[in-house]
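A quick write-up on the structure given underneath.
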Amino acid sequence: MLDIRYIRENPQKVQTAAESKGYSVDISHLLSLDENRRELQTKVEEVRRERNELADGLKQTKPTPEQITRGKALKTQVAEIEDRLRVVDEEFMTLLKKVPNMPLEDVPVGASEDENVVVKTVGELPKFDFEPKNHWEIGQARGWIDKERAAKVAGSRFAYVMGDLARLHFAVLQFALDRLTDENVLQQIVTDNGLTASSKPFVPVLPPAMIRTEVYEATARLNGEEQTYKLADDELWLNASAEHSMSPMYQNEILDESQLPLRYLGYTTAFRREAGTYGKDMEGIFRLHQFDKLEMESFTAAADSLQEHLFMVAVQEYLMQQLELPYQVVMKCTADIGGPNARGIDIDVWLPGQNMYRETHTADLITDYQTRRLQTRVRHGDGTIELAHTNDATAFSQRPLIGIIENYQTADARVRVPKVLQSYLGGKEIL
RNA sequence: GGAGAGGUGACCGAGUGGCUGAAGGUACCGGUCUUGAAAACCGGCGUGGGGCAACUCACCGAGGGUUCGAAUCCCUCCCUCUCCGCCA
């Protein structure tokens, strides 16, 4: 959530920013609740103070009946004001949580994803002397993707990913794991992109794939049962990304500046209801209820978070370049970055079978929007404490497999293996 | 799942219903001493909210309750540990 003090000082700015993101929040109402809440808080504190003073005076002596009566009256009064405060505070918090993060200055203002801006196109589009196929046509022909049987077992939007495609999946993950834990590689990425970010390697993590309600809510990533799977008998949700179980790792903790940045490379299965996408991307493995993803998550000091964000995008580009996949870098507009984001970048791979670029990666700069509720803070060398900043970004999901299948396909529905992956597939050059 | 023991500040750890936001120790910071360091000694050292400030309020796993007054008593939940069971 946003800092109420910031909202107090910049009400119009916040109102405008929220609207540019497509959120309707009433900032002036929020501020009047805030005022109301502070008034009640001052009041309740005054009465509590009286109560405390009375109690303090009674430490050694037995209370007189008058003092007990007075104490009882104060107690009732405290409870009464507290009740009023609770009501106001609840409404206040509900509204405050709805206020989205402020987008950075360079985020294009737009009303829908159509106004996202392509900032960069990299790689030669492949040329074929035959009509290129979709990944699902190849997948089906090769026995790599079986959605009929998956539907029988689990319903629509599930798949059996099998054979060489399953192997390729692990090859891609292993490749990313190797590179992102190698400080030399990261240093090279930092240098090549003129960044000042740290070259500290990522720590690989297998995080929990389930998250408690309270914690999930605090990450500002829980979109309700509409979008997220909830376990019926427990206060637990299936995570929709490893980010969701990694960002709350340091809830209620104060990190020492010297530990930063904390960089994690988490792997979990992600579960998504994909509500509101009926009929969209029904073929193949592009949009499933369940997929596996390797995700970057980092905690930095506030001053370093933008560099960290740019670094993560650079890492994503590096990975795509290593796989020799043509891609574009998209700067998402205000309407598309999402509530918690200050800035969001997508990387889209070229898919010759669909004749278009499709999203494979996202990089999110969250600033202190998550950590304010999570209370993840940083203690600086001089003793000052501030909220930590979080960044998250895709390393590899299953979607890059689609890019490999479609870009590396041959006329007989075989798939050449990107050079950097061959050693992970027993030296095979073609599948 | 069954039985038991616990959750106190960065860490260890004391805490009889009021004198405890919390003893004592460690760590850390500053100082004295020392050629330097160690040791010793002195001082300082939680977080968050409100207020221009003085100051004040809250927080001893979380949430309720009892009481004039709760870290301390009661209830619910969460978590950790030990033993048993089950399991990859």
Side-chain angles (χ1 to χ4, degrees), chain A residues 1-9 30-93 95-97 206-219 222 230-237 245 248-260 262 267-269 299 302 368-388:
Chain A
M1 65 187 180
L2 272 190
D3 185 353
I4 184 62
R5 282 169 297 196
Y6 179 84
I7 300 176
R8 266 179 227 149
E9 283 158 26
L30 175 68
L31 289 178
S32 79
L33 285 168
D34 176 45
E35 218 170 295
N36 200 204
R37 167 183 145 267
R38 281 189 289 165
E39 244 169 66
L40 286 169
Q41 190 181 326
T42 310
K43 245 185 226 169
V44 82
E45 281 179 10
E46 272 169 28
V47 183
R48 274 188 198 144
R49 183 184 169 182
E50 261 188 80
R51 182 198 59 188
N52 290 348
E53 279 169 358
L54 177 69
D56 275 350
L58 295 177
K59 275 169 192 169
Q60 230 107 54
T61 54
K62 278 207 169 154
T64 64
E66 289 75 31
Q67 285 170 321
I68 289 179
T69 309
R70 176 78 188 130
K72 278 186 176 172
L74 286 171
K75 184 160 68 165
T76 313
Q77 214 180 331
V78 168
E80 187 259 330
I81 305 172
E82 274 176 346
D83 282 346
R84 281 159 62 201
L85 179 60
R86 191 173 304 122
V87 171
V88 173
D89 196 56
E90 252 168 48
E91 197 191 342
F92 168 76
M93 281 307 291
L95 239 130
L96 180 58
K97 287 178 203 164
L206 296 171
M210 292 183 207
I211 307 173
R212 305 170 55 183
T213 304
E214 265 185 281
V215 177
Y216 213 153
E217 272 172 358
T219 65
L222 185 55
K230 168 102 191 332
L231 299 192
D233 296 329
D234 301 271
E235 277 304 315
L236 286 171
W237 302 72
S245 47
M249 279 175 78
Y250 296 101
Q251 182 171 29
N252 297 321
E253 291 190 44
I254 301 177
L255 305 167
D256 197 274
E257 188 178 28
S258 61
Q259 301 171 259
L260 303 179
L262 287 170
Y267 178 74
T268 62
T269 301
F299 302 85
D368 59 9
Y369 195 82
Q370 289 179 317
T371 53
R372 183 163 291 107
R373 269 174 83 188
L374 290 167
Q375 281 298 300
T376 300
R377 289 157 294 170
V378 179
R379 179 178 278 114
H380 291 286
D382 63 2
T384 56
I385 290 171
E386 66 169 3
L387 292 170

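Residues A:Asp34 and A:Phe92 have side chains in contact (heavy-atom distance under 4.5 Å, counting atoms from C-beta outward). The shortest side-chain heavy-atom distance between A:Glu45 and A:Gln41 falls under the 4.5 Å cut-off. Two residues are said to be in side-chain contact when any heavy atoms from C-beta on lie closer than 4.5 Å; A:Lys230 and A:Leu236 fail this criterion.
The interatomic distance linking A:Asp34 (CG) with B:rG49 (C1') rounds to 12 Å, in whole Å. The CD atom of A:Glu35 sits 13 Å away from the P atom of B:rG50 (whole-angstrom rounding). Protein atom CG of A:Asp256 is 14 Å distant from nucleotide atom C1' of B:rC11, rounded to whole Å. The separation between A:Met93 atom CE and B:rG49 atom C1' is 12 Å, rounded to whole Å. Remark: C1' of B:rG17 and CG of A:Leu54 are 16 Å apart, rounded to the nearest angstrom. Spacing between atom CD1 of A:Ile81 and atom P of B:rG50 amounts to 18 Å, rounded to whole angstrom units.
Residues satisfying the side-chain hydrogen bond (donor to acceptor under 3.5 Å, both in side chains) criterion with A:Arg379, sequence neighbours excluded, are absent altogether. In this structure A:Arg48 satisfies the side-chain hydrogen bond (donor to acceptor under 3.5 Å, both in side chains) test together with A:Glu82, sequence neighbours excluded. Under the side-chain contact (heavy atoms from CB on, under 4.5 Å) criterion, A:Asp83 pairs with A:Arg86, sequence neighbours left out. A:Ala73 is linked by a side-chain contact (heavy atoms from CB on, under 4.5 Å) to nothing, counting only residues two or more places apart in sequence or in another chain. Residues passing the salt bridge (charged side-chain N to carboxylate O under 4.0 Å, His left out) test with A:Arg51, sequence neighbours excluded: none. Qualifying salt bridge (charged side-chain N to carboxylate O under 4.0 Å, His left out) partners for A:Arg377, counting only residues two or more places apart in sequence or in other chains: none. Every residue two or more places apart in sequence or in another chain that forms a side-chain contact (heavy atoms from CB on, under 4.5 Å) with A:Gln77 is listed here: A:Val47, A:Leu74. When the side-chain hydrogen bond (donor to acceptor under 3.5 Å, both in side chains) test is applied to A:Thr219, no partner is found at least two apart in sequence or on another chain. The side-chain hydrogen bond (donor to acceptor under 3.5 Å, both in side chains) check on A:Glu91 picks up A:His29, with sequence neighbours excluded.
Spacing between B:rG30 and B:rC75 at atom P, rounded to whole Å, works out to 49 Å. Of the P atoms belonging to B:rG50 and B:rA54, the separation is 15 Å, rounded to the nearest Å. Using C1' as the reference atom, B:rA14 and B:rG25 are 11 Å apart when rounded to the nearest Å. Comparing the same atom, C1', in B:rG15 and in B:rG9 gives a spacing of 14 Å after rounding to whole Å. Using C1' as the reference atom, B:rC59 and B:rG7 are 16 Å apart when rounded to the nearest Å. Spacing between B:rC60 and B:rC12 at atom C1', rounded to whole Å, works out to 16 Å. Atom name C1', nucleotides B:rG64 and B:rC78: the rounded distance is 14 Å, in whole Å. Taking atom P in both B:rU56 and B:rA22, the straight-line distance is 13 Å, to the nearest Å.
When all heavy atoms are compared, the tightest approach of A:Thr376 to A:Tyr250 is OG1-O, 2.9 Å.
With both pairing distances under 3.5 Å, B:rC59 is matched to B:rG46 as a Watson-Crick or G-U wobble pair. Figure legend. B:rG1 is base-paired to B:rC84; pairs are counted as Watson-Crick or G-U wobble with both atom distances under 3.5 Å. Judged by Watson-Crick or G-U wobble contacts below 3.5 Å, the nucleotide B:rC41 has B:rG31 as its partner. With a 3.5 Å ceiling on both atom-pair distances, B:rG36 lacks any Watson-Crick or G-U wobble partner. Nucleotide B:rU67 has no partner under the Watson-Crick or G-U criteria, as no pair reaches both atom distances under 3.5 Å. If you check B:rG24 for Watson-Crick or wobble pairing at under 3.5 angstrom, you find it paired to B:rC12.
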Would you tabulate the pairs of protein nitrogen or oxygen atoms and nucleotide nitrogen or oxygen atoms of nucleotides 56-66 of chain B closer than 3.5 angstrom?
unit_1 : atom_1 : unit_2  : atom_2 : d
B:rC57 : OP1    : A:Asn52 : ND2    : 3.4
B:rC57 : O2'    : A:Arg48 : NH1    : 2.8
B:rA58 : OP1    : A:Arg51 : NH2    : 3.1
B:rA58 : OP2    : A:Asn52 : ND2    : 3.4

Is there any protein nitrogen or oxygen under 3.5 Å from a nitrogen or oxygen in nucleotides 45-47 of chain B, and what are the pairs?
unit_1 : atom_1 : unit_2   : atom_2 : d
B:rU47 : O3'    : A:Arg377 : NH1    : 3.0
B:rU47 : O2'    : A:Arg377 : NH1    : 2.9

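A:Arg5 comes within 4.0 angstrom of sugar-phosphate atoms only, judged by non-hydrogen atoms across all strands, and of no base. Residue contacts shown for A:Arg373 are absent, as no nucleic acid heavy atom lies under 4.0 Å away.
Position along RNA chain B of the nearest nucleotide to A:Thr69 versus A:Arg38 favours A:Arg38 as the more 5'-ward residue. Two residues, A:Arg37 and A:Lys72, neighbour RNA chain B, and the one matched to the more 5' nucleotide by heavy-atom proximity is A:Arg37.
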Protein proximity profile, nucleotides 72-80 of chain B - base contact B, sugar-phosphate-only contact S, no contact -, cut-off 4.0 Å on heavy atoms:
------S--
